[in-house]
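What follows is a set of notes on a single structure, which appears directly below.
Chain naming here is simple, since letters A, B, ... match the order of the sequence lines and numbering starts at 1 in each.
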Amino acid sequence: MSLPERQTDIGPPHYEKFLPPVIKKNYGKWAHHEVLSGGTMVHVAESGDKLYTVRVASPRILSTDTIREICEMAEKYSDGYLRFTTRNNVEFLLSDQSKMAPLLAELKDKKYSVGGIGPRISNIVHTQGWVHCHSACTDASGIVKSVMDELHDYFTTKTLPNKVRLAVACCVNMCGAVHCSDIAVVAIHRKVPVIDHETVGKMCEIPTTVSSCPTSAIRPNPKTKSITINEEKCMYCGNCFTVCPPIEIHNPQQDGVAIVVGGKVGSLRTDPKFSKLAIPYIENEPPRWPKVVAAIKNILDVYAANAKKHERVGEWIERVGWEDFFKLTGIPFTFQHIDDFTFMRDTLRNSAAFKY
Amino acid sequence: MSLPERQTDIGPPHYEKFLPPVIKKNYGKWAHHEVLSGGTMVHVAESGDKLYTVRVASPRILSTDTIREICEMAEKYSDGYLRFTTRNNVEFLLSDQSKMAPLLAELKDKKYSVGGIGPRISNIVHTQGWVHCHSACTDASGIVKSVMDELHDYFTTKTLPNKVRLAVACCVNMCGAVHCSDIAVVAIHRKVPVIDHETVGKMCEIPTTVSSCPTSAIRPNPKTKSITINEEKCMYCGNCFTVCPPIEIHNPQQDGVAIVVGGKVGSLRTDPKFSKLAIPYIENEPPRWPKVVAAIKNILDVYAANAKKHERVGEWIERVGWEDFFKLTGIPFTFQHIDDFTFMRDTLRNSAAFKY
Amino acid sequence: MGGKYKTPMLDELEKGPWPSFVTEIKKAAKRTEMADDELGQVEKSYVTKRGYWKHGGIVGVLGYGGGVIGRYSSLPNEFPGIAHFHTVRLNQPSGFFYTAEALKMIMDIWDKYGSGLTNMHGSTGDLVLLGTTTENLEVLFAEYSSRGWDLGGSGSAMRTPSCCVGQARCEWACIDTMAICNEVTQYYQDQLHRPSFPYKFKIKVAGCACDCVAAIARADLSIIGTWKDNIRIDQAEVKKYADGGMNIQAEIVEMCPTACMSYDGKTLKVNDAQCSRCMHCIAKMTKALKQGKVKGASILVGSKAPIVVGSLLSWVVVPFMELEAPFDNLKDLADKMIEWWDDNAKPRERIGELIEVKGMRPFLEAIEMPPVPQQVKYPRKDPFFFWSESDFN
Amino acid sequence: MGGKYKTPMLDELEKGPWPSFVTEIKKAAKRTEMADDELGQVEKSYVTKRGYWKHGGIVGVLGYGGGVIGRYSSLPNEFPGIAHFHTVRLNQPSGFFYTAEALKMIMDIWDKYGSGLTNMHGSTGDLVLLGTTTENLEVLFAEYSSRGWDLGGSGSAMRTPSCCVGQARCEWACIDTMAICNEVTQYYQDQLHRPSFPYKFKIKVAGCACDCVAAIARADLSIIGTWKDNIRIDQAEVKKYADGGMNIQAEIVEMCPTACMSYDGKTLKVNDAQCSRCMHCIAKMTKALKQGKVKGASILVGSKAPIVVGSLLSWVVVPFMELEAPFDNLKDLADKMIEWWDDNAKPRERIGELIEVKGMRPFLEAIEMPPVPQQVKYPRKDPFFFWSESDFN
Amino acid sequence: MPTLESEGKSYEVDEEGYLMDWSQWTEGIASVMAKGDGLELTGEHWEVIKFLRDYFDKYQIAPMIKILTKELAKKYGKEKGNTKYLYELYPAGPAKQACRYAGLPKPTGCV
Amino acid sequence: MPTLESEGKSYEVDEEGYLMDWSQWTEGIASVMAKGDGLELTGEHWEVIKFLRDYFDKYQIAPMIKILTKELAKKYGKEKGNTKYLYELYPAGPAKQACRYAGLPKPTGCV
Ligand code: SRM
Ligand code: SRM
Ligand code: SRM
Ligand code: SRM
Ligand code: SF4
Ligand code: SF4
Ligand code: SF4
Ligand code: SF4
Ligand code: SF4
Ligand code: SF4
Ligand code: SF4
Ligand code: SF4
């Protein structure tokens, strides 16, 4: 079979090819928008033109079949135009309002979920997990599915004080913006890695392995031509494993997830925030991680009941104080919550004023 | 001459011996107080008893003569009872209101300054300087005198939005709460220390000297039996000099002071705060440090004009933002303001929202 | 094909209203052994609570050093279909816009040479094709590139830039995010395909402070739109919001971080000198409030995930910069940043980490930016700081 | 005596309304050569912009390892009177209370053996006698100690504790600061006089969150009074403040950090569950508002000046502790802290620095305190944390 | 585990052909690997391999590409100091070919 | 600069009698210093001096008091492991007397 002629360094196709005419015409000249329902909105241009968006949930892992099905709907209702969002939802871009209802009907029929717009939960940012990554210490897709099944109403219809951004990281590499999410799951190890010394000596760059360790727990061991880990100092981040495969960090009995809360990305009202530790460990319970789901649900419910309108999770917590967060959610406070990594200093309370 | 019999480990005399009867009687049972003037106040006990306080400025360096003079006034007006405050002012403790006026008259007569109570400037916390300390890179007492002469009205009569706590540190050892003051002067070096290698080898503990350096700029030098300073890394803190005298850090041409602002100690309204760098360097200009005086006056004036009632300097700055602090005071922003020490990370702005 | 494995665990994940990734894998498994074996291996992971992938491999196409992630099952005998299971990163069009036609073409080719599974999209932004073999890589590349689609980045290289939808649909886009994203992608083609950096370098472009692409949290170079002049207020529209039941005092005025707004029940006022352009009031009252007209971007640097020194958010380095095509000022600036980083970093050291090690000063000097108060939340506290000879003049 | 030197520089500092330290030195210089030579040397410093003191010396009294700071002029030939110029630290009475009689006695002795100069007081709290010779030290000690006055601390030792005026005069003192200060001073006499710690250890006691002794900023062990139950409000007095012109809404309600107050023009209310006991409202309306009745102290640890790792404020370790004489619970706690520090610290490492190195957990375990949210401003961000075997049960 | 034969000896390699033990490397191995890719190793190829090998011996890590190109430029002339040149020599890229031929540990993590 | 004479040699000391060069130390110097303070060095005194000297040789720093007392207790019995004992031996204190006699650098900073 002769291959078509390959090209290099052409970059992606220019986006203009894929813009619907209403966008091309009104590019940069949008006046305002209105949320019409949990999953639909209209943008109005200065010219008066309107663009209707219908947002549909996606599991992100999509088969070519499903993508073809989506494409066919796009051809039917939005002149073939569609896009994906930065959180992996699908958006149909309609210029013809009259096609909204039939599209929504067909989507409903085909069991697609329409939602994610406005002060709601949108798709959970997540990555590979056991589906594709050697580094995973939980599965991302399974947790996402389980959590979103539970919170589905908050995607489609129910509203919250503000958007709540959820994320799942399948290891501390955190391939997403997990570290700045309203509520996120991050998978962690709890045991010092086990080293296959013979292979380490043959296959790894020792200096790279030594310098990979955030806590300087690793020392070269010239005798074994391998390395030694100071168990006292290791906090199981797995970075040594990343650079040196024979350092086994996985431990199915002990691997699990932590829940972090209160992060945000936008600069509205308050500065962007890192998420902070809420629950240090929940064991992996495939296929549906019931404890993880319950924990997230609990935090979300307490937030929904206590936050002011427009307050993000982190803004609410900072207003009432972390003392109250732990009290209201009933989550136990442990030694793990107290920072002892590089930047512990600023996390400790240095004030005589606090709540009980 | 035979000495009286020495005693050891007796500790200080019990404070009760020095309490006026009205205090003994109402100890722990005070109801409220009222500020009567810039330097006088009355405390009212639950019993209805009253205690009048007259606060008098002190240069802290006091001769025995002056102390005797003060004692005599105390005998005359407050039954011999007096105390010093935590900021080194003198307080006469009167139970008889009728003695207030004559005491104030005599104080005026003798040119004592009465003041420091309420939302004012009180005495400047400061330490030894050239008067007694080998470590000093400015004189503390001279700066204090010059500044307080200029701000004297704010001690005696004029009010400010809230208390303004000033301090002077004659080196970065900071023998005071300089690091948490509304406005403070801290003396600094700007040149890498000069080492007398021969003496270092003979007189210093090399490991102690090496570990004294906050930036790990110091390495032992086995050849010279002394140490080597990596000039790139040295930020002139002088800690090596503290542990090893032959390391000369003083440089009269380059030593000078920095001005820091916005610190506080109490937990009222906002958490205690560290002072932050406002002006990185002003040269030493004895005897009256005119540039330092002007700089402090300027910051104080801008604060007085812009802060809300009850706002401390740091609270005001945090409300308007540091961008505005530099704009309003006209102080230039330099590379020195940007933290590059251990905890730089949290000082850098990570938000898309700020002022110009 | 399909149905080789019993998957009681995964079947549980086909229940419930949210779309199921298991259903997707099963769909593909009907057509490819790859997907079917993937299903089997994932089921096994669900039982044993561990993954079965070998550590990442080095595979790719000729002339490129990145764009493909090598992946091998550690149980190739048990799951031969995924003995090789590499991912191909196709560089997405800016803003993730597609036509059905283009997408179907991509799928058709993928069905021919791959597992039939995708990630729409990868977290960096690529259109991720999930699972193929080493021998199919050159073929896939020829098929796609001949049709105008190139690979995205991987390795110690420029990574696929990405952006929010921006001016294509959003009234708040202060800059043309898609044009900028496309331009830097094209400008850095060599660095994107041939890893030559100390570590990865990511660029993300958001049109305003809402930051719908999380640029501030996960890009070495974060470009975020903003404006400089006064917020424009349409009082008639303000009234409509009030009439519509909005509690303007509580929801807008009291939530303004700089307390620069006031509302007397009739007129909404902004003390613009105090406004920090946080976007809150505009976002919640889009019909009544508009940004100023002098638009541009803030340039921030250094965010990343927690390994090694703890996660970073990007830091402001250039508070305001006008950005007009062809964005030469931006490319210049990025070049200077990368050059400084390249000259100074250790292997696997991100630019944010390097700035932490070296301090802001050498970085700002390298990019020829003066120090300005906007770069800091607050000035340093401890009186320990450096002086250069140049400061003594 | 006196007048040996022309001091044109220092004379400038006798002008102006603030009391002059120069005048003080001149007064003493009339009587002692020490003070006169001190004047001369300081004048010289003013001219050359540098000090002339040798690095601190080691002098003291028999049986003690501290309490005296050795000081020698580096120009003993030029200023022979201050060839020796040691300071003697007398331990002040708690709260800095004196009678004229006691003070005069102290001055009389000092005039006999010293420079005639003092610091009332040193920054740690001692009554500092400024300038004497080595041979006078034993005499001074005999004179003072026989009259009931002991030396304060110096060196790697317990330092002289100090406190705010507390219940002696202040309506807000939740604890008996002076009694506590006196008690710990007595309890640690041996450690105060005979340095045996890794470095200095300071204790300061403040009666409430106003912290009038800056305990939170400059004490290894900071004890700060607080209460647990509800603020007591006298609405009649509230009215008087309002009538007197106080803008209660702006000055009190809106400045409450927890936004837990409300005022409708008549009644001032506090949502006590939300109150953080910051003291603002009480301090500004002392006649109307009173603390609750369940009083005690928060125990904080670790503050210090910037050398070596940057300045620290003390951290909350025990949010609330009742403190009644003889304060055994406090002494126990302090003993445990010191023991852990002593066992683990390197030389010249303060307890706050050690906690930073080791983490809070071993410290809290050593003092037998459980983790509680009050100990942190916020929990850790990065998902890197330790587990002990004991956590796995 | 796949193996590779060179000069009568057999060496363990991983599925991508990287030597499992960098200490076993010989020049012959490099030649065999190149042959497998249909490449004939020229002096210019050996310049790169030699540099990689020396660098690894000295530092136990593979050099960053930047260092490799810089050093090539310094030693062998400016025209050899860029990635273009490297990809001409090693079309599959320095990591996939040059490092592999030089017997260096397989690069990790940077994907 | 003051000097101290021992065994016919003269040594520079500072105004407080600390040896200006710790490497010149001899046992004779210790004895002379003690005499100056009116002390006669007993075996128990030498135990302390010897420990200080050994510790300094090994670590180039003076031990913390805690270490000194601990080691004395370990080596010579519990009753010698406290500051009270040290001050009995050396009434002016371990820093002012024991370290000085042992020729250690003058303690700094801790005042
Ligand atoms: C489509 C999308 C951009 C894209 O290029 O794909 C988008 C689109 C819009 N965003 Fe967004 N945001 C999108 C991701 C984000 C993200 C990024 C993320 O979640 O990873 C953020 C930052 C979240 C954070 O701060 O942690 C984000 C924070 C916002 C905010 C700020 C919310 C707040 O008050 O904190 C607004 C303003 C608002 O909602 O009032 C906003 C508003 C909007 C508007 C209304 C802008 C407009 O006028 O078009 C758009 C529809 C809003 C909606 O979905 O409710 N968008 N938006 C992204 C949709 C993701 C999804 O499928 O759900
Ligand atoms: C006498 C003294 C205590 C002592 O034991 O000596 C004292 C006494 C009182 N302080 Fe204080 N404070 C004293 C040092 C402090 C300090 C410590 C310091 O400055 O180093 C602070 C912490 C300052 C800080 O936060 O940086 C301090 C922060 C306060 C505050 C909190 C002010 C604020 O709103 O931030 C109050 C409450 C107030 O003023 O409303 C207060 C209130 C008071 C009251 C009203 C308490 C009372 O009811 O008796 C006393 C008279 C107030 C006055 O002087 O205006 N006192 N006060 C100290 C006088 C020092 C001086 O000579 O000026
Ligand atoms: C595919 C993708 C996840 C996904 O499912 O979407 C991904 C997958 C991997 N990432 Fe990532 N990262 C992906 C986006 C990210 C992001 C998000 C982003 O780019 O916006 C981050 C956080 C931002 C950042 O760069 O800091 C991210 C931070 C990491 C890190 C930590 C890097 C650091 O400096 O802290 C590693 C570890 C490493 O580089 O060795 C990593 C490493 C990896 C590796 C290569 C595993 C490894 O240790 O070598 C993963 C391969 C998985 C696989 O088998 O497919 N990945 N990775 C994302 C790229 C798809 C795409 O091109 O669109
Ligand atoms: C006398 C006094 C200043 C004064 O004029 O009031 C003082 C004077 C000295 N201090 Fe201090 N400190 C004094 C209170 C403080 C305080 C304030 C406090 O105790 O509340 C601090 C800040 C709090 C703290 O401890 O961190 C303080 C932090 C230091 C430091 C830095 C310690 C650190 O861990 O960062 C040093 C350096 C050192 O220990 O080597 C130091 C060292 C010194 C030395 C001994 C100089 C030295 O480098 O060896 C000074 C002797 C000066 C002299 O010749 O008289 N002094 N020093 C204060 C003690 C008087 C008293 O007993 O009442
Ligand atoms: S977060 Fe970890 S496990 Fe998940 S895709 Fe990224 S590297 Fe792999
Ligand atoms: S897991 Fe992390 S902390 Fe532990 S040894 Fe490896 S790199 Fe270091
Ligand atoms: S601050 Fe420095 S110079 Fe001033 S007394 Fe303390 S140690 Fe001496
Ligand atoms: S002055 Fe400070 S930074 Fe410089 S070498 Fe000495 S200890 Fe280090
Ligand atoms: S970041 Fe701003 S401009 Fe971009 S889509 Fe979001 S709201 Fe619109
Ligand atoms: S943009 Fe933000 S800071 Fe500016 S007025 Fe609106 S809410 Fe206030
Ligand atoms: S700290 Fe509190 S109790 Fe002590 S004097 Fe100040 S206000 Fe009164
Ligand atoms: S004490 Fe502080 S937090 Fe409590 S009600 Fe008063 S002002 Fe508010």
Open item on the list: In this structure, is the centre-to-centre distance between the rings of C:Y52 and A:H134 below 6.0 Å?
Closed with: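 Ring centroids of A:H134 and C:Y52 are no less than 6.0 Å from each other.
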What part of [X] is in contact with chain C, defined as an atom under 4.5 angstrom from a non-hydrogen atom: side chain, backbone, both or neither?
{"X": "A:Q128", "answer": "side chain"}
{"X": "A:C133", "answer": "both"}
{"X": "A:N173", "answer": "both"}

Task: Shortest non-hydrogen contact from A:V131 toward C:W53 - done: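 A:V131 and C:W53 have their closest heavy atoms at O-CZ2, 3.1 Å.
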Task: Residues A:W289, C:Y46; criterion ring pair (Phe, Tyr, Trp, His ring centres under 6.0 Å); working and verdict - done: CA-CA 11 Å; A:W289 281 265; C:Y46 269 62; 5.5 Å; yes
Is [X] salt-bridged to [Y], going by a charged N under 4.0 Å from an acidic O?
{"X": "A:R269", "Y": "C:E254", "answer": "no"}
{"X": "A:K264", "Y": "C:D211", "answer": "no"}
{"X": "A:K145", "Y": "C:E12", "answer": "no"}
{"X": "A:D271", "Y": "C:K377", "answer": "no"}
{"X": "A:D65", "Y": "C:R31", "answer": "yes"}

Heavy-atom side-chain contact between [X] and [Y] under 4.5 Å:
{"X": "C:K287", "Y": "A:H33", "answer": "no"}
{"X": "C:F96", "Y": "A:L82", "answer": "no"}
{"X": "C:W149", "Y": "A:P13", "answer": "yes"}

Task: Closest-packed option against chain C by number of heavy-atom pairs under 4.5 Å, given A:L62, A:T86, A:V265 - done: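 Winner by heavy-atom pair count: A:L62.
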Open item on the list: Checking an interface table here. Which of residues 4-11 of chain A come within a heavy-atom distance under 4.5 Å of chain C?
Closed with: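 The list, in residue order, reads A:P4, A:E5, A:R6, A:Q7, A:T8, A:D9, A:I10, A:G11.
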Open item on the list: Would you say A:H310 and C:E251 are linked by a side-chain donor-acceptor pair, where the criterion is simply a distance under 3.5 Å?
Closed with: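 Distance-only check passes for C:E251 and A:H310.
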